[in-house]
Q: 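Okay, here's the structure, questions in a sec.
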There are 2 protein chains.
Amino acid sequence: MNAPNLSETAFSIAAVERDTGLAKDTLRVWERRYGFPSPTRDANGERLYPADQVEKLRMIRRLLDHGRRPARVVGASIEELSAMLDACLCPEGGAPAGRDDGLLQLVRLHRSVELAAALRQALMKQGLQRFVAETVAPLAAAVGEAWMRGEVDVPEEHLFTEQVQNVLRSAIGAHAASAGRPRVLLTTFPEEEHVLGLLMAEAMLVPEGASCLSLGTRTPLADIRSAAVGGGFDIVGLSFSIAYPARQAIEGLLELRSLLPEGIELWAGGAAVRDKQKRLPGIRVVGDLEDTMAALQEWRARNGAEG
Amino acid sequence: MNAPNLSETAFSIAAVERDTGLAKDTLRVWERRYGFPSPTRDANGERLYPADQVEKLRMIRRLLDHGRRPARVVGASIEELSAMLDACLCPEGGAPAGRDDGLLQLVRLHRSVELAAALRQALMKQGLQRFVAETVAPLAAAVGEAWMRGEVDVPEEHLFTEQVQNVLRSAIGAHAASAGRPRVLLTTFPEEEHVLGLLMAEAMLVPEGASCLSLGTRTPLADIRSAAVGGGFDIVGLSFSIAYPARQAIEGLLELRSLLPEGIELWAGGAAVRDKQKRLPGIRVVGDLEDTMAALQEWRARNGAEG
DNA sequence: CAGACACGTTTGTCCTGGACAAATCAAACT
DNA sequence: AGTTTGATTTGTCCAGGACAAACGTGTCTG
């Protein structure tokens with residue numbers, strides 16, 4: 001009695017917007033067009049979404065992030081959605097997690113203390129760069145896949161991000177602040193809030209003697225420009241998660257490119273820009289973490305003689 | 001020519017919502033009622049907000065966060081708004097920044113390397129808890145004030161947050177993971193993305209032997225509940241920045257209180273809930289960082305004998 | 001056969017103008 | 001001084017229409 005039955009609680013349209021990330025307008029227009037969701041109404045005629053419909057909406061959201069289109073997923077049954085989520089992932093490799101299954105299990109089971117210990121141990125054993133490339137990146141991919149499947153939820157994803165952040169920030173901070181070149185400014189666009197990509201990039205570059213400054217996530221374009229120009233940076237690095245719309249990434253990158261002086265390079269990495277190099281003239285698309293190192297070598301080859 | 005004149009750029013209603021935190025509905029209803037903002041229209045009849053109006057909206061937003069009411073601020077001139085902002089801040093202490101002026105200057109001037117060094121030095125000198133209470137918290141307040149006055153902008157605020165985060169996460173990570181009581185789960189509500197409050201709380205509690213787990217920001221209510229229950233936590237701690245609407249904080253806290261079993265305490269801290277204790281029965285409002293320690297002592301007095 | 005172009009469809013976001021409940025303020029009252 | 005009552009302010013919700021950008025598909029070309 002103290003804990004209300006979750007199956008009976010219902011959510012306002014504002015609550016659903018924040019829990020699913022679907023705009024109020026979108027929720028209303030789906031109802032009009034597809035007949036789903038079909039919320040009840042309170043005494044004042046306002047929508048009340050039952051918990052199971054909210055859950056279904058969250059599954060739909062995940063499928064949309066993977067490129068499905070609404071007409072094919074809004075209105076499908078729970079079972080069909082579940083099947084689609086499986087189909088989204090299976091073809092891309094039978095056992096994608098591999099040796100990191102242990103860590104993924106720790107995330108799943110909320111074993112935060114053990115997770116932190118295991119991460120630190122791996123860091124000690126591998127060194128920062130290999131730790132990022134061989135442990136953190138695959139684990140992040142595995143968590144992302146499990147998230148897509150609905151096997152991990154918000155708290156697990158947060159737990160994972162927090163623990164990795166703790167370890168990486170400590171490790172990066174342990175390096176003496178370098179005055180070396182290139183000077184790299186790292187951040188994301190205003191709609192992107194995933195920070196791990198930035199930290200992984202920083203962790204790869206700092207041991208090489210580059211001088212990195214991360215502004216964290218969600219920096220407006222104009223502010224990226226002024227920070228880069230005012231701070232005397234050689235390179236601006238942007239990170240994009242898989243949820244970031246590719247179209248928006250390209251548009252934003254081209255605009256930023258036109259804002260920046262030619263002397264400052266623009267690098268972009270992450271799932272949203274992979275394989276988009278040809279549509280991004282004047283921008284260095286960094287395919288993966290190893291490619292980051294290659295890009296750094298190239299920069300030094302270009303600028304070493306003159307700089 | 002290469003850099004478009006900022007005074008000529010204009011923003012869509014969605015961009016203004018993102019930059020000011022004012023909902024689209026609110027922007028439209030203000031225009032209808034107060035005649036401000038008064039955006040132009042594009043070829044398609046959609047609102048286009050000039051940059052100076054967006055700037056004014058940001059000032060208005062700051063005043064609303066400080067308790068002013070819309071009728072008195074929407075429609076005032078820039079000069080009047082500026083005067084109100086000064087009046088908001090001056091009475092609360094002539095020289096609020098004091099000894100941290102030096103650090104604030106480093107933030108203002110983007111001296112990231114010096115800032116990081118100064119923070120680490122202060123940490124070494126003061127120890128973690130005093131560092132948080134005497135250096136980080138006043139500096140955060142000073143940055144917040146400067147933000148309110150418009151003297152610092154997005155990049156400075158990000159720079160500050162990142163550097164403090166680096167130092168605090170390193171320091172917290174340096175403590176051996178404790179198995180002690182109480183076990184505290186720290187996070188924020190979905191609309192709140194400021195993380196420093198959580199880190200400061202964690203930095204105060206961990207040296208006392210409490211066992212803290214931070215889930216980071218933006219955790220849905222239902223997930224807070226399941227993480228708290230499943231993880232065997234004694235206390236759930238929520239952090240609210242000054243920008244968080246007090247009404248929404250109270251509503252959310254009461255709802256979460258009803259979701260949590262009685263055995264788990266609920267603590268709330270931050271500007272948005274200060275002095276709201278009487279409206280929050282069953283919830284411990286933590287006034288400031290010292291009060292966090294007091295609350296911890298109280299918990300141990302209550303639970304030490306039996307637990 | 002890869003890639004560029006044109007065309008119909010899908011889809012998210014914006015619009016107007018009305019409505020109302022919750023929050024707040026002001027005044028009268030124990 | 002604190003509480004109750006009534007008037008006003010204010011944010012959010014609703015309906016239903018509109019449209020441009022994104023997308024899928026088929027066609028043509030080198």
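Nothing here was measured: the structure is a model prediction, and the numbers come from that model. Hydrogens, waters and symmetry mates play no part in the numbers below; they use all other heavy atoms, side chains included. Below, chain A is the first sequence line, B the second, and so on; all start at residue 1.
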Q: Can you confirm whether B/F36 sits close enough to B/K56 that some side-chain heavy atom of one is under 4.5 Å from a side-chain heavy atom of the other?
A: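 Touching, per the 4.5 Å side-chain cut-off.
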Q: So if I take every side-chain heavy atom of B/I13 and compare against C/dT13, C/dC15, D/dC14, which nucleotide ends up nearest?
A: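 The answer is C/dC15, which lies nearest to the side chain.
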Q: Looking for any heavy atom pair under 4.0 Å, which part of the strands does B/R72 touch: base, sugar-phosphate only, or nothing?
A: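 No contact.
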Q: Counting distance alone, no hydrogens or angles: does the base of C/dG17 have a donor or acceptor under 3.5 Å from a partner atom on the side chain of B/R32?
A: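 Check passes, donor-acceptor contact within cut-off.
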Q: Whether A/T26 contacts C/dT11 is assessed here as follows: a side-chain N or O lying under 4.0 Å from the phosphate OP1 or OP2. Is that the case?
A: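 Answer no for this pair, as no side-chain N or O of A/T26 is under 4.0 Å from OP1 or OP2.
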Q: Round to a whole Å and report the spacing from NZ of B/K24 to C1' of C/dG17.
A: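 For the pair B/K24 NZ and C/dG17 C1', the rounded distance is 19 Å.
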Q: Short question: side chain of A/T188, backbone of A/R218 - any donor-acceptor pair under 3.5 Å?
A: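 Answer holds: yes.
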Q: Take A/D25 and A/N44, find for each the nucleotide of DNA chain C with the closest heavy atom, and name the residue whose nucleotide sits nearer the 5' end.
A: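 This one resolves to A/D25.
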Q: Quickly work out the B/L64 CG to D/dT10 C1' distance and round it to whole Å.
A: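 Rounded to the whole Å, the gap is 11 Å.
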Q: Can you check whether B/T219 reaches B/P190 side chain to side chain, under 4.5 Å on heavy atoms?
A: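 No - every pair of side-chain heavy atoms lies 4.5 Å or more apart.
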Q: C/dT24, C/dC15, C/dC14: which one has an atom nearest the side-chain heavy atoms of B/R69?
A: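 Shortest atom-to-atom distance from the side chain points to C/dT24.
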Q: Quiz question: going by heavy-atom distance under 3.5 Å, is there a donor-acceptor pair between the base of D/dG11 and the side chain of B/R28?
A: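 No pair found.
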Q: Identify which one of B/R68, B/R61, B/R62 satisfies the salt bridge (charged side-chain N to carboxylate O under 4.0 Å, His left out) criterion when paired with B/D65.
A: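 Exactly one option meets the salt bridge (charged side-chain N to carboxylate O under 4.0 Å, His left out) with B/D65, and it is B/R61.
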Q: Using whole Å, report how far CZ of A/R33 lies from P of C/dT9.
A: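 Atom-to-atom, A/R33 to C/dT9, this comes out as 15 Å.
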